[in-house]
There are 2 protein chains.
Amino acid sequence: MRADAQRNRERLIEAAREVFREQGYDASLDEVAKRAGVGAGTLYRHFPSRDVLMDAIMQSWVDRVNDAADKVLVREGDARGLLLEWFETYVGLVSVHKGGPAKITSAMGDDSSPIATKCQTLTAATARVVERLEAEHALKEHIEPVQLNRLVGGVAAVADNADLDRAAVRPMLEVIADGVLA
Amino acid sequence: MRADAQRNRERLIEAAREVFREQGYDASLDEVAKRAGVGAGTLYRHFPSRDVLMDAIMQSWVDRVNDAADKVLVREGDARGLLLEWFETYVGLVSVHKGGPAKITSAMGDDSSPIATKCQTLTAATARVVERLEAEHALKEHIEPVQLNRLVGGVAAVADNADLDRAAVRPMLEVIADGVLA
DNA sequence: CAATATACGGAGACAGTCTCCGTTTGGCAA
DNA sequence: TTGCCAAACGGAGACTGTCTCCGTATATTG
């Protein structure tokens, strides 16, 4: 890739990160181009669709997911506490910006989605938590990590749309936890 | 209201019902006006926003909600079966068209929403189911009907976005049921 | 059968998406 | 260093959808 192309690509990602954080997933892409100081054509050449741009933004975020899972898994015993902590972490990770939870959750399990790799990262992280709980025989029965992500992602999406705070989300996560734990 | 205004209003609702069913919640409003055979101005005068139009469309739908709750409540015993049947019914009711579940669920508990009355209808119906189960001491602890609607609505929204079928939704509803039942 | 309040229509302002193509430029070979 | 050209750029503008404004039409009333 030519040096100027590389530079513009990075500028666009940085600008998009800013704009999406400020204005949510629906922000204008021309605004992103403007903020990056490039023409609209340049934006669309690098990122043919909004989703592809999203995917690029989330590059660094993948590492955060795995770190978060590591951190949760050091807990000993107390399956319910561990699971709830993971759920809350998950909601936080997925709520990168307005509209994020719905976007990510609906791509969950769809390998042809532009953000499929992000979903796989999340699924792998949840799978580690599930495995740990299964090893402790803490689960009622096996549950697919993808299903669990959809449930928790659904809650995150609702909370995102309706501007619910942590306190309102907690009891919903508890219901899900109680629904899967033995 | 003048007779022609009344007539146009009805035509618009009928057209909107058609267009939204065909193209989902994001369909063009000018298309609705065109299909109704009126100018855009007429549409926006009657329905200042998409949400208000939505609300009008769902008028008849309110009755269906109450009927559905009645039908579920005739079941005797078998709390889990009853609850699951209600959940599935709820998902069906809320999935009036693409984007509906997310729209309705995020308005849940927001009295200033244009579709607040619809949400209240749904909440009242769920409340009846919850009361019945509480009378039978079938619930783990009290749960707010609104919270339950958000959980189930979250699943419905995910299913709607990701085009999941009934079979994929069922296990998620089971998790929620198990989470609230004693 | 006026007179008038009420409602209508659709042109057009505005905003966002995305493409096309003339212009510029980075990088390489001579 | 210079010249070449594939690669990349920019931004005008086509297109689509939202929503408003105001000149025109008509239902209603006395």
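Reminder, nothing fancy here: chain letters follow the sequence lines and each chain counts from 1. Heavy-atom basis, side chains included; hydrogens, waters and symmetry copies ignored.
Dense packing is recorded around CZ of B:Arg75, with more than 12 heavy atoms of other residues, nucleotides or ligands lying under 6.0 Å away.
Atom CG in B:Leu43 sits roughly 10 Å away from atom P in D:dC19 (whole-Å rounding). For A:Arg7 and C:dT25, the CZ to C1' distance is 10 Å, given to the nearest whole Å. Atom pair B:Asp26:CG and C:dG16:C1' shows a separation of 14 Å (rounding to whole Å applied). In this entry the distance linking CG of A:Asn8 with P of D:dA7 reads 17 Å, nearest Å. A straight line from CG of B:Asp4 to P of C:dA7 spans 8 Å, rounded to a whole angstrom. A straight line from CG of B:Asp30 to C1' of C:dG12 spans 12 Å, rounded to a whole angstrom. C:dC18 atom P lies 12 Å from atom CG of A:Leu53, rounded to whole Å. As rounded to whole Å, 13 Å separates atom P of C:dC20 from atom CZ of A:Arg45.
With values rounded to the nearest 0.5 angstrom, B:Met54 atom CE is found 8.5 Å from B:Lys103 atom NZ. Residue A:Lys118 holds its NZ atom at 12.0 Å from CE of A:Met108, rounded to the nearest 0.5 Å.
Among D:dG17, C:dG9, C:dT17, the nucleotide with an atom closest to any side-chain atom of A:Leu29 is C:dT17. Comparing D:dG11, C:dA11, D:dG17 against the side chain of A:Ala40 picks out D:dG11 as the nearest. Of the candidates D:dT20, C:dG9, C:dC8, D:dT20 carries the atom nearest the B:Tyr44 side chain, counting heavy atoms from C-beta on.
A sub-4.0 Å separation between OP1 or OP2 of C:dA7 and a side-chain N or O of B:Thr42 is absent. The side chain of B:Arg50 places an N or O atom within less than 4.0 Å of a non-bridging phosphate oxygen (OP1 or OP2) of D:dT18. One finds a side-chain N or O of B:Ser28 lying less than 4.0 angstrom from the OP1 or OP2 phosphate oxygen of D:dT18. Between B:His46 and the phosphate of C:dC8, there is a side-chain N or O to OP1/OP2 separation shorter than 4.0 Å.
For the residue pair A:Asp51 and A:Tyr25, a side-chain donor N or O sits within less than 3.5 Å of a side-chain acceptor on the partner.
For a distance-only test at 3.5 Å, the side chain of A:Arg2 qualifies as a donor-acceptor partner of the base of D:dA7.
Exactly one of A:Leu148, A:Val169, A:Val155 qualifies for a side-chain contact (heavy atoms from CB on, under 4.5 Å) with A:Phe87. That residue is A:Leu148.
Map B:Ala3 and A:Gly37 each onto its nearest nucleotide of DNA chain D; the residue landing nearer the 5' end is A:Gly37.
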